[in-house]
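All values below come from the heavy atoms of this structure, side chains included, with hydrogens, waters and symmetry mates left out. Note that this is a predicted model, so its numbers are computed, not measured. Naming: A, B, ... by sequence-line order, numbering from 1 per chain.
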Amino acid sequence: MTTPTAQMVRIMIDGMTVNVPKGTLVIEAARRVGVMIPHFCYHPKLKPDANCRMCLVEIEKVPKLQTACSTPVDEGMNVRTATTVVNDAHKSVLEFILANHPLDCPVCDQGGKCDLQDFSHQYTATSRFTETKRVFQKEYFSPLIETQMNRCVQCLRCVRYCDEVMDVKALAPVGRGTMTEIKHFGFHPLDCEFCGGCVQICPVGAITSRLSMYEYRPWMLKRAETICGYCGDGCQMTVQTKGQELIEVNSAHGAGRNNGDLCARGFFGFHAASHPQRLTHPLIRRHGALVQVTWEEALEYVADRVNEIKAAHGGPSFGGLISGRCTNEELYLFQKFLRMAIGTNHIDSSARYGHVNGLQAMQLVQGTHRWTVTFEDILDADVLILVGTNITETNPITGLKVKEAVKKRQATLITIESLEPVVDTMSNIANLSHHHFRIPTSDTHHAIVGLVKAVLEQNLTQPDLAQRHPTYVNAMTSALQQISWQDLQAATGIEPDAFVRAAKVAAGARRVVIMAGQLLLRSEQGYSGCLTLLDLLLLTGKLDAPGCGFAPLAEENNDQGAIEMGTVTELLPGAQPITNDTERERIAKQWKGELPTDKGASLIEMLERARVGSLKAMFIVGENPVGSLPAVIHAEASLRNLDLLVCQELFLTETAALAHVVLPAASSLEKHGTFTNTEGHVQAVRPAIEPVGDSRPDWEIFSALSILLNSPMEYAESKEILKEIRSLIPGYSSLGPTPLPPKVDHSAVDRYLTDGYQRDLASRYHPISRASRPDGTVRLELAQSLFHSGKLSTRSKGLLQVEGSGRLRISPSDAARFALSDGDRVRLSSTSGEMTTEVKIMERVPQGTAWFPSHFGQAAVQLFECAIDPITHVPSFRTATVSMMKVA
Amino acid sequence: MMNTWIYARNLVVGLWIVFKRTFTKPVTVQYPEEQPYLPPRWRGRIVLTRDPDGEERCVACYLCSAACPVDCISLQAADNPEAHERRYPEFFRINFSRCIYCGMCEEACPTNAIQLIPDFEQSEYARRNLVYEKEDLLISGTGKYHDYNFYRMAGVRTRDKDKGEGEHELPPVDVKSLMP
């Protein structure tokens, strides 16, 4: 696409004058004055191809008709779209298209929303071509996507989308002329990212979704605009339902932060909410078994037990854990319920698993709890640095922004990832990278240190930083002098030159955005890695420069919200530290009560206290510590030790199976609320269906319990909670189209530069001691899979068809070393445990490493040791050294 | 005098009509012993017809239910695993207690499956008996259109014919060949 410059030109379209930037396409300019030019192959996201010839228009002084989708506007241009000549041209183009189009509208799923159908009606098109029609052989295409190539109009939108936007290149046109067919490569069913983009972008019924095949006509569906509940990107999606039945999900072009793009989880993962195993009734444990009861019974039982335990042991004998998949309103009410109705500070959420690392680092260095950049800044960046993101699989839509920045806007990409740069069935960000540091996840920190060292040694630091804060720069310099390039090269396997080159690029650029992903945030060096990245920004003077910033990517959809709602033990609503007395007073006054004064315990500490018996009761909402924490934490034993365990869950998970009371909760497709995405944008969640069975939104349960516990928190609807949140955190969630990122707090930066950095400088920059891995072992890492998010998506029938079970991903060279082929079973054993699984050979996996998707990780998680960050209390259990052996 | 003349004339004219009707054939039909004649396009009971091959014609495109002004048609499309790739209605239900016999469904039907036939005898003692399921609606003939077969010209594969064996169809494209 020609990039529109600031220069405006004036053109006439059907007698209407319009001023548009020079370089705009005629079709776009016409859209601005409300003139819709018919088209098939044009799409605003794609480069013009002008292959369908449907958008022909008459331009004065141009002898022939021109395609509006590929003609840029010029000063004084006079375009006519409604003349007889144009109309005749459209008609005959349509006639050609219909020459081969089958008459199968009645059995076509696109019927009712088909561009070809609409234009046929508009032009009352008939075809004089009575010759025989071409047909294509039909083959099984894929489990989720259905093709019927007879219907194809060969606009190639799907092929171009797959290449230009997704960078997957899974589809290609095969054949010539009318005989062109869209095919994937190879004789096996389609194996790709399954983003559903081709289904969404196909103007006719050639590519449709198999999940909703034959289920509906568009006019029968009810639509709800909501936010995807699978990852921190916060994509807006339209959930289409027929009664209580979930039929289809899509996202309109231009909608939300995702601009209408979705990933496999968003597009095909919606069936999790309507899984038959959903809990529909409250359950109480009687004589060792969970039995079905009414809500009144269950809530009264909980209230009675809470009162008993509170009277005997006091408020601090309670603890609470909530999932970062709940809405802001629920997260807020949960911490208010625990702090006010129960009187405990032992609160934690799943943000503890990693997001807290990034947040604490940001608060220490730049004094904000949010990104100082937005997705727009990523698109506009000159240099993007990705650290431990595996962005395609963890945050696919943020990944699309990176791809767009690199492919269309010429940004330079620096990646510190463990990905092998190979062409694969999925897009691979390492292929787009200009400076790729292929480093095992556990050594990511060394590569960051390498960059910082290069910056300091090449004098790429901001000139006046050394004058203003000489102690900081000197301390950094001397700390980094202890780390030699030889050690760094030995640890990372990368030449010092590569670091120097990348550092020069980063320091010389105007707009630099650093993104840290879950592989870094959830690792042992999560916190120190983030601090080091912030050091890198500080030293190069990019921290407070416009368009620059640090962006830790949230894995769960509302991790950011959990932090801002104060649903972690060390924070109050507004992400204020709990030690801040003025905030405590202000909030206590608003809540008309006293905040508990005890020092709160984080998740791991709570479980420890439960094991020794000082914690008596726990509320666990949507979290499954038994299934997701490694064996060394002894989560199951701890929870069994409790006098009262109340779980609010969608499904009977391993944790819920231990509970004394299980309360059925409504999923995010069934309730109102807001989610805060990873860039800090608060977006509205709207219900698509009624709560399944007797399930209720979590906030209603907290509210009902608080009334029974005599400290009523009554709300008629979740909006009232949002109002209360706004009164505590002024300006929270303006729900506008784009977020307004906070500015770097200069007083916080100064504090950090004078003494804040000293706290853990030594632990971050220490000489590298390298433990070698014994022969016959691999480095096992818990990885994120594109097709799943958390464990909820493993209940989605669509996603299970793509990835139905956890398979160990190993590199081809390791497969050769252990004499393994695809589908072989192996036994992995470490000092903590062992498991048996199938292997899948993937070229992107680096040698010596094996990835296991964490979503099926119940067995795998037992192999890991758990390290707990002393400052942020984040448990990390992502890497382990295991021996691998083939079994029959 | 004048009045008497008018009375006499009316009496004669009236009696003339009486005697004329007495000797003409009566219009009354002795229903139900005697059945009235209904023209073939009479809009009465709705049926689902079959194509000449004997398969059900309905492809569950939902157009009839969309066209119905009183919303009395409900159906669910499904894929028939036995006759592969043939879309068919899993259930098809017409509530005749609501139907106004307007014939819009017949006009909307792209496959000539739904047809209104000259039959009005649908009285029931219970209203629920006026809800007809697919078994009640489906007849074994082709109805008004004897030759039409949607799946012969839709370009899709069905149980009895492969790709390219329908009407106006070329043999399937061989993507490995470079010939047009």
Side-chain angles (χ1 to χ4, degrees), chain A residues 99-112 114 117 127 129-140 146-152 154 172-185 187 205-206 208 210 212-221 242-243 245 247, chain B residues 51 56-68 71 73-81 83-90 108-114 148-158 161-180:
Chain A
N100 272 316
H101 195 83
L103 288 169
D104 64 350
C105 297
V107 292
C108 174
D109 268 342
Q110 194 81 354
C114 174
Q117 227 177 20
S127 177
F129 298 98
T130 52
E131 287 83 1
T132 46
K133 297 194 181 223
R134 64 102 174 83
V135 292
F136 290 110
Q137 202 56 268
K138 190 159 165 18
E139 282 153 12
Y140 176 76
E146 168 87 351
T147 57
Q148 182 58 269
M149 274 305 136
N150 292 357
R151 298 174 188 152
C152 180
Q154 285 121 6
V174 179
R176 303 165 64 191
T178 53
M179 305 296 172
T180 308
E181 184 179 5
I182 308 301
K183 283 188 94 78
H184 59 290
F185 300 95
F187 294 99
T208 48
R210 246 172 189 280
S212 54
M213 199 161 87
Y214 295 169
E215 292 260 338
Y216 70 101
R217 286 286 171 209
W219 58 77
M220 300 157 69
L221 301 180
K242 198 168 87 180
E245 216 180 320
I247 300 290
Chain B
D51 61 28
E56 55 185 289
R57 260 180 185 158
C58 177
V59 297
C61 70
Y62 295 103
L63 285 182
C64 50
S65 73
C68 182
D71 276 354
I73 305 177
S74 63
L75 68 151
Q76 175 62 57
D79 186 15
N80 187 349
H84 64 222
E85 285 159 51
R86 232 186 127 120
R87 181 175 159 141
Y88 85 117
E90 205 171 20
C109 185
T111 64
N112 291 335
I114 196 165
Y148 184 76
N149 188 341
F150 171 75
Y151 279 110
R152 289 273 150 208
M153 49 189 73
V156 297
R157 180 173 54 174
T158 53
K161 75 167 178 47
D162 204 353
K163 282 274 189 181
E165 290 174 6
E167 288 168 30
H168 293 295
E169 276 179 22
L170 286 170
V173 173
D174 178 9
V175 287
K176 293 184 199 85
S177 154
L178 280 178
M179 297 304 286

Engineer: Could you tell me which non-hydrogen atom of B/Ala154 sits nearest to which non-hydrogen atom of A/Asp104, and how far apart they are?
Structural biologist: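 So the minimum-distance heavy-atom pair works out to O-CB, 3.5 Å.
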
Engineer: For A/Thr130, which atoms come within 4.5 Å of any heavy atom of chain B: side chain, backbone, both, or neither?
Structural biologist: backbone

Engineer: Which is it for B/Leu63 and A/Arg217 under the side chain to side chain contact (heavy atoms under 4.5 Å, CB included) test, yes or no, and what are the steps along the way?
Structural biologist: CA-CA 9 Å; B/Leu63 285 182; A/Arg217 286 286 171 209; 5.9 Å; no

Engineer: I'd like to verify something: which residue of B/Ala77, B/Pro171, B/Gly164 has the highest number of heavy-atom pairs under 4.5 Å with chain A?
Structural biologist: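 Top count of heavy-atom pairs under 4.5 Å with chain A: B/Ala77.
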
Engineer: Against chain A, label B/Glu169 side chain, backbone, both or neither, depending on which of its atoms sit under 4.5 Å from a heavy atom there.
Structural biologist: both

Engineer: Between B/Arg87 and A/Asp109 (salt bridge meaning N to carboxylate O under 4.0 Å), is one present in this structure?
Structural biologist: yes

Engineer: Considering only heavy atoms from C-beta outward, does the side chain of B/Val156 approach that of A/Lys138 to under 4.5 Å?
Structural biologist: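 The answer is no, as the side chains (C-beta and beyond) never meet within the 4.5 Å cut-off.
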
Engineer: Measuring from B/His168:NE2 to A/Lys133:NZ, what's the distance to the nearest 0.5 Å?
Structural biologist: 9.0 Å

Engineer: Please classify the contact between A/Met149 and chain B as side chain, backbone, both or neither, with a heavy-atom cut-off of under 4.5 Å.
Structural biologist: neither

Engineer: Measure distances from A/Glu181 to the heavy atoms of chain B and classify the residue's part below 4.5 Å as side chain, backbone, both or neither.
Structural biologist: side chain

Engineer: Search all heavy atoms of B/Tyr62 against all heavy atoms of A/Tyr214 and return the closest pair with its distance.
Structural biologist: OH-O, 3.9 Å

Engineer: May I ask you to decide if B/Leu170's main-chain N or O and A/Arg134's side chain share a donor-acceptor pair within less than 3.5 Å?
Structural biologist: no

Engineer: Kindly give the heavy-atom pair with the smallest separation between A/Pro106 and B/Val59, and that separation in Å.
Structural biologist: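 Between these two residues, the closest heavy atoms are CB-CG2, 3.5 Å.
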
Engineer: List the atom of A/Leu103, the atom of B/Phe150, and the distance in Å for their closest heavy-atom pair.
Structural biologist: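 Closest approach of A/Leu103 to B/Phe150, heavy atoms only: O-CE1, 3.3 Å.
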
Engineer: How far apart are the closest heavy atoms of B/Pro172 and A/Phe136, and which atoms are they?
Structural biologist: CB-C, 4.4 Å

